[in-house]
Amino acid sequence: MEDSSSNWWREGVFYQIYPRSFADSNGDGNGDLQGILAHLDHLNDGTPNSLGVDAIWLSPIYPSPMHDLGYDVADYCDIHPMFGSLADFDALLQAAHQRGIRLLMDLVFNHTSDQHPWFQESRLSRHSPKRDWYIWRDPSPRGGAPNNWQSVFGGRAWEWDETNQQYYYHMFLPQQPDLNWRNPQVRQALFDVMRFWLERGVDGFRLDVVNAYFKDALFRDNPPRLGLRGYDRQKHLYDKDQPELLEVYAQMRQLLDSYGERMCVGEMLNGNPEMNARYCGDRKLNLAFDFNFTRQPWHPAAFQRAILRNEASLPPGGWPCYTLSNHDISRHLSRYGGRYPKERAKVAAAMLLTLRGTPFLYQGEEIGMRDGKIPYSMIQDPPGKRYYPFYKGRDPVRTPIAWDASPGGGFTTGKPWLPLNQDYRQVNVAAQRDDPDSVFSFYRKLIWLRKDCPALRRGAFEPLIQRPRDGLAYLRRSQEQTVLVALNFFALPATLRLEVDLSAQKWRTILGTHRARDEAVALEQTIWLAPHEVWIAEAN
Ligand code: NOJ
């Protein structure tokens with residue numbers, strides 16, 4: 001069924017900026033707000049020369065000791081001097097809005113930095129007025145930590161505080177104590193933070209680990225399950241996904257709606273479509289990332305299953321939200337590119353940008369970036385340091401974007417905080433801008449095509465193959481338009497056999513890697529595709 005309530009956040013293309021690695025304006029090797037401002041034309045200058053994205057999400061830019069690279073916030077209402085100032089932020093927001101680009105802030109409300117004044121006050125004494133803003137517990141009667149909860153980043157989730165002889169809870173690093181959402185003052189303070197940014201004009205929020213805000217009121221032990229590391233060896237029944245969340249989401253949505261046209265997208269810890277369905281929809285979160293989609297192998301059947309699972313689980317008012325890469329997971333070209341990075345980049349982009357749902361791009365994917373190689377001595381990410389060489393952490397997916405082939409890649413005139421990728425002299429924006437066959441050119445064409453196609457923005461999704469083997473074929477159908485998408489996932493020619501006969505209509509190519517625009521193609525129940533071909537056609 002076609003979705004009739006069209007909103008900007010359903011139809012637009014979002015783009016995640018990892019600010020430290022986007023563009024450095026002052027030569028200190030770290031990306032900053034003025035750097036972003038200077039590159040807004042790359043994102044959207046109102047013409048198909050630019051990528052054409054409708055909104056950006058900025059990973060955290062707040063004051064922070066950077067133990068978790070900014071996801072440890074020391075002040076929710078200011079900007080880290082490394083990134084600039086509130087005045088720089090206002091200038092960026094204004095310039096973005098002038099170009100029709102909306103902006104989401106990243107709100108990390110599950111925890112703060114241990115340097116946040118709230119925690120500093122909380123830890124002063126058992127009688128501090130802010131004691132109950134965090135989760136403090138006595139040792140268990142048997143001695144030791146209050147229960148068996150583990151930190152996502154490794155080790156137990158309880159840190160002993162010598163001064164007051166109590167433990168505090170941290171789902172991530174010990175430097176990231178969890179807030180106590182059961183305390184109404186905490187809620188009030190966090191809603192005030194939302195108001196602060198809404199008043200400044202931001203268009204919404206990405207909410208970090210939004211399903212972890214509440215923990216079990218009785219602090220029961222999590223039951224065991226098979227897994228490799230401590231955190232994975234438990235069923236997380238009691239340290240996240242508590243029923244109290246829904247009331248908070250309803251309040252958040254009400255606040256957002258009271259500002260008109262604002263939205264939020266949730267990051268779910270260990271998320272899946274059914275969980276998203278519980279938390280998104282009317283009077284709940286607007287969107288949540290479907291991480292199940294990112295976990296699929298490079299096979300059309302796997303993706304189709306993931307898409308159908310997502311579609312099937314959507315609640316009333318729910319809307320899919322797809323992404324292939326972000327700052328926490330290996331870039332999708334490193335996962336899928338193999339010997340055909342450029343070809344697969346295009347197939348993956350065509351899928352992401354023609355599905356029913358809101359697509360989120362991660363900076364650098366539009367030029368086909370892959371994970372960088374970071375020597376041990378340069379690792380910044382705490383889990384990377386802890387688990388090296390078994391897990392190299394998230395630095396490889398956070399390396400700077402290269403804007404050109406110059407020594408600092410056009411990213412910086414100084415020494416970049418993380419090294420540029422080894423292939424940056426080929427994989428950079430300047431090298432691809434004027435090449436009509438580049439990955440960047442293909443992303444631009446797809447995004448600008450999407451703007452022109454109501455069926456791609458809001459039409460229903462109808463798969464045309466029951467058990468895809470070589471590629472995907474689906475229709476996107478709105479009241480005004482029907483669009484056909486056919487994708488060959490592999491390096492051999494493919495014959496896609498369809499469930500339905502498409503001969504009643506004429507199909508006109510609107511974008512293709514192998515067919516010219518406007519080329520008419522007569523179809524019956526078969527589509528022939530060249531290796532890694534993307535073909536998008538409109539029914540006339
Ligand atoms: C999820 C964020 O995406 C990740 O980067 C961060 O380390 C954790 N939440 C903790 O805030």
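Whatever order the structure lists ligands and atoms in, that order sets their numbers, starting from 1.
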Open item on the list: Parallel, tilted or perpendicular: which one describes the rings of W149 and W158, with boundaries at 30° and 60°?
Closed with: parallel
Task: Ion pair check, R126 and D138, cut-off under 4.0 Å - done: yes
Open item on the list: Is any side-chain heavy atom of F83 closer than 4.5 Å to one of L58?
Closed with: no
Do any nitrogen or oxygen atoms of ligand 1 lie under 3.5 Å from a protein nitrogen or oxygen, and which ones?
| from | atom 1 | to | atom 2 | distance (Å) |
| --- | --- | --- | --- | --- |
| ligand 1 | 3 (O) | R206 | NH2 | 3.0 |
| ligand 1 | 3 (O) | E267 | OE2 | 3.4 |
| ligand 1 | 3 (O) | H327 | NE2 | 2.8 |
| ligand 1 | 3 (O) | D328 | OD2 | 2.5 |
| ligand 1 | 5 (O) | H327 | NE2 | 3.0 |
| ligand 1 | 5 (O) | D328 | OD1 | 2.8 |
| ligand 1 | 5 (O) | R394 | NH1 | 3.2 |
| ligand 1 | 7 (O) | D68 | OD1 | 3.2 |
| ligand 1 | 7 (O) | D68 | OD2 | 2.6 |
| ligand 1 | 7 (O) | R394 | NH1 | 2.9 |
| ligand 1 | 9 (N) | D208 | OD1 | 2.9 |
| ligand 1 | 9 (N) | D208 | OD2 | 3.1 |
| ligand 1 | 11 (O) | H111 | NE2 | 3.0 |
| ligand 1 | 11 (O) | D208 | OD2 | 2.8 |

- [ ] Would you kindly check if the NZ (Lys) or CZ (Arg) of R137 is within the cone defined by 45 degrees around the ring axis of F219 and under 6.0 Å from the six-membered ring centre?
- [x] yes
- [ ] Determine, for R206 against D208, whether the closest basic-nitrogen to carboxylate-oxygen distance falls under 4.0 angstrom.
- [x] yes
Open item on the list: Taking the cut-offs as 6.0 angstrom to the six-membered ring centre and 45 degrees off its axis, would you call R131 and W136 a cation-pi pair?
Closed with: yes
